[in-house]
Trainee: 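The structure is given below, and queries will be raised subsequently.
Each chain gets a letter, A, B and so on, in the order the sequences are listed, and its residues count up from 1.
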There are 2 protein chains.
Amino acid sequence: MARYAGVSSAVVSYVVNGGPRPVSEETSARVRSAIDLLGYRPNVSARALRIGSTSTLGLVLGGLENPYFTELALSIQAAANEAGYAVVMGNVDRNRSAASSRHILDDLIGRQVDGFLVASENATADTLEHLQRNNARSVVFDAPSPIPGHSTVGPDAAQGARSAVEHLVSVHGHRDVGLVIGDDGRAGADARERGWQDALRSARLLDGPLARADFTRAGGYEGARRLLEAANPPSAVFASSELQGIGVLYALHEAGVRVPEDVAVVTFDGTAECEYSWPSLTVARQPVDSMAAAAVRQLLTPGASHHETFPMELVVRRSCGCVPQPTTG
Amino acid sequence: MARYAGVSSAVVSYVVNGGPRPVSEETSARVRSAIDLLGYRPNVSARALRIGSTSTLGLVLGGLENPYFTELALSIQAAANEAGYAVVMGNVDRNRSAASSRHILDDLIGRQVDGFLVASENATADTLEHLQRNNARSVVFDAPSPIPGHSTVGPDAAQGARSAVEHLVSVHGHRDVGLVIGDDGRAGADARERGWQDALRSARLLDGPLARADFTRAGGYEGARRLLEAANPPSAVFASSELQGIGVLYALHEAGVRVPEDVAVVTFDGTAECEYSWPSLTVARQPVDSMAAAAVRQLLTPGASHHETFPMELVVRRSCGCVPQPTTG
DNA sequence: TTGTAGGCGTTATCAT
DNA sequence: ATGATAACGCCTACAA
């Protein structure tokens with residue numbers, strides 16, 4: 001006990017956290033030296049027990065194998081640490097069932113985390129309700145749209161998608177732009193799909209062909225295969241997630257189709273992976289850092305819940321045709 | 001307080017954790033029903049304070065932007081959860097200085113984690129010593145070689161590298177295999193470099209050209225550029241990390257060099273990213289799951305510290321020349 | 001400015 | 001088989 005080191009008792013508490021009461025410079029110095037002499041560290045469990053706060057946030061997130069989510073998680077980490085909070089990952093297991101996700105929440109609740117950061121894809125009605133029942137603070141990130149009664153943060157996905165497709169149309173003159181997108185069972189519900197549509201319609205073009213497949217590399221591959229097998233394949237493709245974009249590229253290469261000469265590609269998300277794909281992918285990039293910071297801020301500052309939206313930025317690279325290819329083909 | 005719900009006191013403890021003392025079936029049932037009636041959850045902080053254990057492991061790991069480390073972290077998570085432990089990430093920030101990494105450790109120590117999983121690249125003498133001084137259990141993972149007095153887990157990197165280079169030599173007949181590898185200041189110290197050398201020498205070939213660069217995509221790009229600029233570039237390249245392999249591919253494409261026809265490539269690590277690169281990368285794959293499980297096991301089971309090594313597996317794909325290319329070039 | 005003491009929710013020991 | 005009770009380490013009135 002550090003108390004024996006100096007001569008004081010609860011004064012050490014005052015010193016450790018600029019306590020509610022002032023301490024004379026002299027004793028304060030003595031305590032501090034004793035602290036790092038004895039290598040004293042406040043016991044977080046005891047503090048948590050007393051205070052009722054663990055300075056810990058729970059991150060509920062599946063699919064960290066998607067580099068976009070990895071980046072998001074890292075940024076959230078950084079933002080949380082910045083604010084003095086640690087992050088414990090909500091047991092993101094590969095095979096997430098309803099039961100397991102309930103289990104995850106209960107574990108985190110039991111650990112007395114001060115708040116929950118829930119990825120949109122994990123924010124089922126069930127989950128949100130469970131959280132509310134245990135009156136836990138929470139914010140949903142990567143949210144495509146507001147969720148009544150909950151704080152949400154997300155990109156302006158429609159705008160991002162639109163800007164990518166508009167680039168294809170107005171700069172490169174494509175008139176037939178296909179879409180590879182996920183299938184959440186609600187056709188047309190995805191903002192990315194709307195953005196793609198908007199861009200085409202306001203250019204007075206017909207909706208291009210569309211392939212629904214998983215939001216994975218394999219899904220992108222499969223979607224592109226379907227597009228290619230048509231009698232009249234499109235001259236450009238918008239892959240609505242970077243992972244799919246990578247798969248699209250693979251399918252195109254495998255089929256001997258040149259990118260961007262034969263088919264141009266643009267995509268959505270924008271991690272490091274699509275910077276070093278070949279060709280490098282033109283992409284509507286998510287403002288990951290800003291969104292992460294906003295999510296943590298919303299979680300930590302009291303106030304009415306609302307939806308916060310962030311603009312996406314078009315990053316132009318080779319796959320749309322902007323950078324000349326080497327003299328290969 | 002759940003105690004008022006039933007009529008008992010510490011019996012609830014016995015029933016919650018099959019306690020050290022038996023409980024009659026009748027009261028046990030009464031307690032259990034009270035528990036989920038009141039939605040009671042044991043307070044982990046209090047338990048930790050009393051018991052001295054938090055059922056939490058600290059993961060000290062920089063560079064999660066490398067998908068190999070992401071996979072490793074995920075597997076460690078899974079293994080830890082399996083064993084009933086949560087994982088809190090050791091504030092992996094982008095700009096890790098000595099001071100910050102010390103700060104990370106102290107935070108984790110204060111949180112009373114039951115043990116530390118430290119990535120080899122973060123396991124500086126300083127860090128290890130600090131851990132020992134605070135008598136914290138720890139294990140170093142992704143360790144290239146034993147560290148006296150510490151538990152370590154790592155791949156048999158020399159064997160993995162050798163098998164990749166041997167494939168190039170014996171199956172595809174390459175006689176001039178370049179190496180792109182990191183620079184840790186100790187030339188020749190890396191087991192991957194030794195494996196590459198061994199494979200060449202036992203085939204009675206001369207050491208190929210060698211480029212040292214960062215273990216990143218950009219590093220691989222830069223290394224490949226240097227190899228290409230030589231008057232006599234090699235006919236094959238071993239990139240000693242997957243990230244570098246991706247960068248090598250990019251540089252080759254950009255220069256209009258065909259892979260694998262003009263230059264073959266093999267690499268090391270083996271996450272999903274190199275499965276969908278073009279061409280897909282032949283790779284010596286790390287046994288991520290086994291290593292993660294072993295690290296957690298070593299950390300949790302008492303016993304003398306030792307070094308545990310895991311064999312790597314060669315995954316053959318297109319970049320070495322095994323799969324015929326489409327009729328493009 | 002500093003010391004004393006009570007209590008946060010658990011578990012474990014000691015009685016009963 | 002179960003009820004009381006002390007103690008884990010910290011924070012914070014309150015007293016000095």
Side-chain angles (χ1 to χ4, degrees), chain A residues 1-56 84 86 106-114 134-136, chain B residues 1-56 84 86 106-114 134-136:
Chain A
M1 201 58 166
R3 330 212 143 163
Y4 291 168
V7 270
S8 25
S9 87
V11 178
V12 47
S13 170
Y14 300 156
V15 169
V16 169
N17 18 305
R21 295 210 159 295
V23 176
S24 86
E25 190 44 58
E26 184 198 4
T27 44
S28 165
R30 204 170 45 200
V31 170
R32 269 193 303 266
S33 76
I35 281 182
D36 53 41
L37 183 67
L38 301 219
Y40 164 80
R41 320 222 152 284
N43 180 320
V44 174
S45 304
R47 176 169 223 280
L49 178 57
R50 180 66 230 260
I51 291 303
S53 157
T54 50
S55 296
T56 299
D106 281 347
D107 179 63
L108 254 19
I109 290 172
R111 294 192 124 83
Q112 329 273 138
V113 300
D114 296 332
N134 290 79
N135 50 12
Chain B
M1 203 57 165
R3 333 211 140 164
Y4 291 168
V7 270
S8 28
S9 85
V11 177
V12 47
S13 171
Y14 299 157
V15 58
V16 167
N17 20 304
R21 295 204 159 297
V23 176
S24 87
E25 190 44 58
E26 184 199 3
T27 44
S28 165
R30 203 170 47 202
V31 170
R32 268 195 302 267
S33 76
I35 281 182
D36 53 41
L37 183 68
L38 301 220
Y40 162 82
R41 313 211 165 290
N43 181 320
V44 174
S45 304
R47 176 169 223 278
L49 178 57
R50 181 65 233 255
I51 293 301
S53 156
T54 50
S55 295
T56 299
D106 282 347
D107 179 62
L108 255 19
I109 290 172
R111 294 192 123 83
Q112 328 274 138
V113 300
D114 296 332
N134 290 78
N135 50 13

Trainee: Could you check which of dC11(D), dC10(D), dT2(C) has an atom nearest any side-chain atom of Tyr40(A)?
Mentor: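 Nucleotide nearest to Tyr40(A)'s side chain: dC10(D).
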Trainee: Return the value, rounded to whole Å, for the distance between atom CD of Glu26(B) and atom C1' of dT2(D).
Mentor: 12 Å
Trainee: Roughly, in whole Å, what's the span from CD1 in Ile51(B) to C1' in dA6(D)?
Mentor: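 In whole Å, dA6(D) C1' lies 14 Å from Ile51(B) CD1.
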Trainee: What I want to check is whether the side chains of Arg47(B) and Ser55(B) have a donor and an acceptor closer together than 3.5 Å.
Mentor: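 No pair is found: no donor N or O on one side chain lies under 3.5 Å from an acceptor on the other.
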Trainee: Reading DNA chain D from 5' onward, which residue's closest nucleotide shows up sooner: Ala46(B) or Ser24(B)?
Mentor: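 Here Ser24(B) is the residue nearer the 5' end.
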Trainee: Let me know the distance between CZ of Arg111(B) and C1' of dC10(D), rounded to the nearest Å.
Mentor: 15 Å
Trainee: Given dC10(D), dG3(D), dG3(C), identify the nucleotide with an atom nearest to the side chain of Val11(A).
Mentor: dG3(C)
Trainee: Which whole-number value in Å describes the distance from Arg21(A) CZ to dT4(C) C1'?
Mentor: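 From Arg21(A) CZ to dT4(C) C1': 14 Å.
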Trainee: Could you check how far OH of Tyr14(B) sits from C1' of dT11(C), rounded to whole Å?
Mentor: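 Whole-Å distance recorded here is 8 Å.
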Trainee: Please figure out whether Ser28(B) or Leu49(B) has its closest DNA chain D nucleotide nearer the 5' end.
Mentor: Ser28(B)
Trainee: Closer than 4.0 angstrom, basic N to acidic O: yes or no for Arg32(B) and Glu26(B)?
Mentor: no
Trainee: Could you check which of dC10(D), dA7(D), dC11(D) has an atom nearest any side-chain atom of Asn43(A)?
Mentor: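 Comparing dC10(D), dA7(D), dC11(D) against the side chain of Asn43(A), the answer is dC10(D).
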Trainee: Kindly say if Arg50(B) contacts the phosphate of dG9(C), meaning a side-chain N or O under 4.0 Å from OP1 or OP2.
Mentor: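 Looking at the OP1 and OP2 atoms of dG9(C), neither is under 4.0 Å from any side-chain N or O of Arg50(B).
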Trainee: Please report, rounded to the nearest Å, how far the P atom of dT12(D) is from the CG atom of Asn17(A).
Mentor: 7 Å
Trainee: State, with a plain yes or no, whether a side-chain heavy atom of Arg111(A) is found less than 4.5 Å away from one of Thr54(B).
Mentor: no
Trainee: Taking the side chain of Pro22(B) as its heavy atoms from C-beta onward, which of dA1(D), dC8(D), dT12(D) lies nearest to it?
Mentor: dA1(D)
Trainee: Check the pair Asp107(B) / Val44(A) against side chain to side chain contact (heavy atoms under 4.5 Å, CB included), numbers first and verdict last.
Mentor: CA-CA 9 Å; Asp107(B) 179 62; Val44(A) 174; 5.9 Å; no
Trainee: Taking the side chain from Asn134(B) and the backbone from Ala136(B), do they hold a donor-acceptor pair closer than 3.5 Å?
Mentor: no
Trainee: What nucleotide among dT12(D), dT2(C), dT2(D) has an atom nearest to a side-chain atom of Thr27(A)?
Mentor: dT2(C)
